[in-house]
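Encoded as structure tokens, the structure appears first; notes follow it.
Just so we're clear, the structure is a prediction, and the values are computed from it rather than from any experiment. First the proteins, then the strands, lettered A, B, ... as listed; each starts at 1.
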Amino acid sequence: MATSTLERPLAARPSTWFVWAGMTAFGVFLLGILVAVVVDSFGRQWFDTWLPDGLTTERYVEAWDRFALGEVVGVTVGVAVLVVVISVLVGVPAAYVLARRDFPGKRAVMLLFLLPVLMPPITYGIPLATVMYSFGLGRTLTAVVLVNLVPSVPFVILTMTPFIEQINPAIESAARMCGARTWQVFTRILAPLLVPGILAAAILVLVRTVGLFELTFLVSGPGSDTLVVAIYRGMTAAGGGEARQLISALSVIYTATMLVMLVVALRFVNPTQLVAQVKETRDD
Amino acid sequence: MSVGQRPGRATASLRHRLAERGVDPALLLLLPGLVVAVALFVYPFSYGIGLTIQPTAAMQEQWGGGVLANYVAFFRDPFVFDSVWLTMRLALPAALFNVLASVPVAMVLRHRFRGKRLLTSLLVLPITLGTVLTAQGLLIFAGRQGWINRALLEVGLIDEPLKLVNNYLGVMFSLVITGFPFAFLLISSYLSGIDPSLEQAAKTLGAGWWQRFRRIVLPLLAPGLATTFILTFVLAFSVFPSARLVGDAMGETRVMSLMAFRAFGEQNDYAMASTIALMMGAVELLVVVAVLGLRSLLYRGTTGGKG
């Protein structure tokens, strides 16, 4: 690691203490938020006491029925998987070209793929949603998937380009010397080498798609709401929203799903490295 | 690409000449990506720009300005225009705080120590929570009956429960909790790209920690700081669910995205909604340009990070 070779003073510097204090405050807030939601979701009633009086798992059953969660979770997973598959299929070949070729207008193409990542989602989301409604796609699953592709495809391209750049082009040249066609180079040589990168990008897109609120919210409706949007609608429904514990139960289900995905993701990819790779493309 | 000798003879086929410039059938691989970008981004975006100059009759009547009625309404209607200020008041401090707070944390976490992986995971965790769960958690944890207020009352630090949610502060908490991990990840990746031997050399020459930071780390980190600030700002700028859920949606935290959504979903005025959305993009662009300008004033030279 970076400065581990430097000599270490015996007592920590005040700055270090300061940092640790800040980190502790952040950790307390974070854990407080998480634990509060979990406790609330299992609580029978919780008003002005430290802990709820009595525990129950009824909230989960109730939430499951009330929000038709079977359907919502199905939609969430289905949309996420579709978005991941499409954006990988579309993004990886494009990333390959951007990593290996130099052609007129390359900078313009890069900019085109960078814009949706840099712009606030609402800025392009509202015109996009308007177009979706005018094509009669409003509140459909198709619209939800299409809308989610807008940030996902550039994301795959931006993460995969540096990944492909680090693969030695000599390997491909060797394959071509041996008579492989482009398709064969892709399936026999590149695909196996790209698997870790594709996996990482796919998991990140999955996590992002499940968590994406703004764009999905603009075009989804009953039957095409994902979990986040269903929670939001539950919290803001007319008449003060649903009972707090129901929302908490929903949130716990959501977080559990996300955590599983994150744990899986962290097994495959080190987040700090990935960000560094993304950054390299931005600054080149 | 090999830039080998160019025959430039007219006998070379068009295909050959194009291939020399890098245009060959392999570029077709780019096509699906371009189709998605054009159909789902460029087209709707231009359509949206077109929409903004087709104001509803009611808008034209109320604000005048002919085809530009939507823009007139945006700048003249204080209810709408104030949201620019309200958004900035949230997004700028939040982004600034997230970036400035990540620098010392990332500096400390550069060293190897026990529990580092755990700590990094703890910092990355909020990314999975998402704004909606954070909002729900904040409402319970920091609400009037929440554990924070309860603990502070018990200790005797306060007599009345503090109002920490459903106002500006609530949204700020939510922005820090979701934005800080992101800023931290970026900053630490930039920091890890700075060659530690530079600092060691400075130390050998007798530089104290502040001098090393001020003269070595900071200049090398400046471009990374600017990029991180911009990306964190973009995140905070489009705050929407938390402004509604833990904020005061009709008062202190009436941010631009809420106004855009109000016009879109509640008033069905797609033209005005697109106008607000585009103006959001424009305001963001202004900030980004300003930050990049500042950055070039601060430091010119090779970039730090893994450059």
Side-chain angles (χ1 to χ4, degrees), chain A residues 1-4 15-16 19 23 27 30 32-34 36-37 40 48 90-91 93-94 96-97 101-104 112-113 116 118-124 126-128 130-131 146 149-150 153 157 182 211 213-214 228 231-232 235 247-248 251 254-255 258-259 262 271-272 275-276 279-280 283, chain B residues 1 21-23 26-27 29-30 32-33 36-37 40-41 44-45 47-48 104-105 108 110-112 122 124 126 128-134 136-138 140-141 145 147 150 185-186 188-189 192 196 234 237-238 240-241 244-245 257 260 264 270 273-274 277-278 280-281 284 303 305-307:
Chain A
M1 238 26 269
T3 51
S4 56
S15 62
T16 315
V19 166
M23 294 287 295
L30 192 63
I33 284 173
L34 258 178
V37 176
D40 189 47
D48 51 356
V90 168
Y96 175 77
V97 175
R101 300 303 173 106
D102 207 0
F103 53 90
L112 181 64
F113 289 133
L118 285 179
M119 214 174 256
I122 296 272
T123 299
Y124 59 86
I126 283 191
L128 182 59
T130 312
V131 169
L146 286 178
L149 285 180
V150 179
V153 170
I157 294 177
T182 307
F213 173 80
E214 282 93 347
V228 212
I231 300 175
Y232 180 85
M235 284 175 93
I247 305 293
S248 292
S251 307
Y254 170 79
T255 313
M258 284 296 249
L259 267 183
L262 184 82
T272 41
V275 177
K279 171 246 148 193
E280 278 179 339
D283 272 11
Chain B
M1 288 302 94
R21 290 171 162 266
V23 181
L27 285 192
L29 292 173
L30 204 55
V36 168
L40 295 176
F41 183 73
F45 204 73
Y47 179 83
V105 175
V108 168
R110 277 200 300 177
H111 306 278
R112 188 180 297 188
L122 183 76
V124 180
T128 60
L129 297 187
T131 40
V132 177
L133 180 117
T134 313
Q136 172 78 354
L138 271 175
I140 301 174
F141 179 64
Q145 306 285 358
W147 284 335
R150 195 163 283 283
L185 275 185
L186 280 166
S188 46
S189 79
S192 69
V234 171
F237 187 73
S238 45
F240 173 34
R244 171 81 168 78
L245 298 175
S257 43
F264 178 84
Y270 298 137
S274 297
L278 281 181
M280 259 183 93
E284 193 203 273
T303 53
K306 302 200 169 176

Under 4.5 Å from a heavy atom of chain B, the part of Met23(A) involved: side chain
Could you tell me which of Leu30(B), Thr134(B), Val36(B), Val234(B) has the largest number of non-hydrogen atom pairs under 4.5 Å with chain A? Leu30(B)
With side chains defined as the heavy atoms from C-beta onward, is the minimum distance between Ile231(A) and Gln136(B) less than 4.5 Å? no
Tell me, for Leu245(B) versus chain A, whether the close heavy atoms (under 4.5 Å) come from the side chain, the backbone, both or neither. side chain
When rounded to the nearest 0.5 Å, the distance separating CG of Leu34(A) from CG of Leu133(B) is 6.5 Å
Against chain B, label Leu30(A) side chain, backbone, both or neither, depending on which of its atoms sit under 4.5 Å from a heavy atom there. side chain
Between Pro121(A), Gly27(A), Pro127(A), the one whose heavy-atom pairs under 4.5 Å with chain B are most numerous: Pro127(A)
Between Tyr232(A) and Phe240(B), what is the ring plane arrangement, given parallel below 30°, perpendicular above 60°, and tilted in between? tilted
Please identify, among Leu112(A), Ile126(A), Val37(A), Val150(A), the residue contributing the most non-hydrogen atom pairs under 4.5 Å to chain B. Ile126(A)
So which heavy atom on Pro241(B) is nearest to which on Phe213(A), and how close? CG-CD2, 3.3 Å
With a 3.5 Å distance limit and no angle check, can you tell me whether Thr123(A) reaches the backbone of Leu278(B) through a side-chain donor-acceptor pair? no
Residues two or more places apart in sequence or in another chain: which of them pass side chain to side chain donor-acceptor pair (under 3.5 Å) with Tyr96(A)? Glu172(A)
For Tyr124(A), which atoms come within 4.5 Å of any heavy atom of chain B: side chain, backbone, both, or neither? both
Answer with side chain, backbone, both or neither: which region of Val153(A) has an atom nearer than 4.5 Å to a non-hydrogen atom of chain B? side chain
So which of Pro116(A), Pro104(A), Gly91(A) has the biggest tally of heavy-atom pairs under 4.5 Å with chain B? Pro116(A)
Answer key: most heavy-atom pairs under 4.5 Å with chain A among Phe264(B), Tyr47(B), Tyr270(B), Phe237(B) is Phe264(B)
Under the rule for side chain to side chain contact (heavy atoms under 4.5 Å, CB included), what residues qualify as partners of Pro44(B), not counting sequence neighbours? Leu128(A), Val131(A)
